[in-house]
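Heads up: the structure comes next, in structure tokens.
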Amino acid sequence: MERERKIQEIISFVQSHKESFASKIVCHRILGDKNLEISEEIVNELRIKLPRAKQDDIDACYFIVK
């Protein structure tokens, strides 16, 4: 349950703060593209890939957005 809560909070943050440096770091870590322009399509991709990520990556991304 904790994992799902963290994933939802990460996605919510990125969706609300698309231009923030923290969002860009999260997307780079999970999606791998350094020069990513964060759009709804990217947020949807994050929704798919984040649940498959290692726990360490989820914890790191959560720390970044909090």
Side-chain angles (χ1 to χ4, degrees):
M1 198 63 178
E2 177 77 9
R3 179 180 169 93
E4 289 80 18
R5 183 184 63 78
K6 285 183 176 182
I7 289 169
Q8 287 307 313
E9 288 193 38
I10 294 165
I11 292 169
S12 179
F13 179 90
V14 172
Q15 190 164 32
S16 298
H17 304 92
K18 291 181 177 128
E19 297 300 317
S20 77
F21 191 61
S23 292
K24 292 181 185 295
I25 292 170
V26 166
C27 287
H28 171 64
R29 183 167 187 138
I30 302 302
L31 305 177
D33 191 346
K34 292 181 184 178
N35 299 315
L36 209 53
E37 187 69 33
I38 301 173
S39 63
E40 275 306 307
E41 183 178 327
I42 296 302
V43 173
N44 288 335
E45 193 174 337
L46 195 60
R47 273 192 188 95
I48 293 166
K49 292 193 176 181
L50 197 55
R52 300 178 192 160
K54 294 178 189 172
Q55 188 62 45
D56 288 349
D57 289 330
I58 291 170
D59 291 342
C61 290
Y62 184 77
F63 181 78
I64 290 166
V65 302
K66 290 295 172 182

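For the salt bridge (charged side-chain N to carboxylate O under 4.0 Å, His left out) test, no residue two or more places apart in sequence or in another chain qualifies with Glu41. Taking the salt bridge (charged side-chain N to carboxylate O under 4.0 Å, His left out) definition, one finds that Arg29 meets it with Asp57, sequence neighbours left out. By the salt bridge (charged side-chain N to carboxylate O under 4.0 Å, His left out) test, Lys66 is found to be paired with Glu9, residues two or more places apart in sequence or in another chain being considered. For Arg47, the side chain to side chain donor-acceptor pair (under 3.5 Å) partners at least two apart in sequence or on another chain are Gln15, Asn44. Scanning for ring pair (Phe, Tyr, Trp, His ring centres under 6.0 Å) contacts around Phe13 gives His17, with sequence neighbours left out. Applying the side chain to side chain donor-acceptor pair (under 3.5 Å) test to Ser16 and every residue at least two apart in sequence or in another chain returns nothing. Applying the side chain to side chain donor-acceptor pair (under 3.5 Å) criterion to Gln8, with sequence neighbours excluded, gives no partner residue. For the side-chain contact (heavy atoms from CB on, under 4.5 Å) test, residues two or more places apart in sequence or in another chain that qualify with Lys18 are Ile38, Glu40, Val43. Remark: Glu45 pairs with Lys49 by the salt bridge (charged side-chain N to carboxylate O under 4.0 Å, His left out) rule, at least two apart or across chains.
For the atom pair SG (Cys27) and CD1 (Ile42), the distance works out to 7.0 Å, reported to the nearest 0.5 Å. Atom-to-atom distance recorded for Cys61:SG and Leu50:CG is 6.5 Å, nearest 0.5 angstrom.
Atom CZ of Arg52 sits in a sparse spot, with 12 or fewer heavy atoms from other residues, nucleotides or ligands closer than 6.0 Å.
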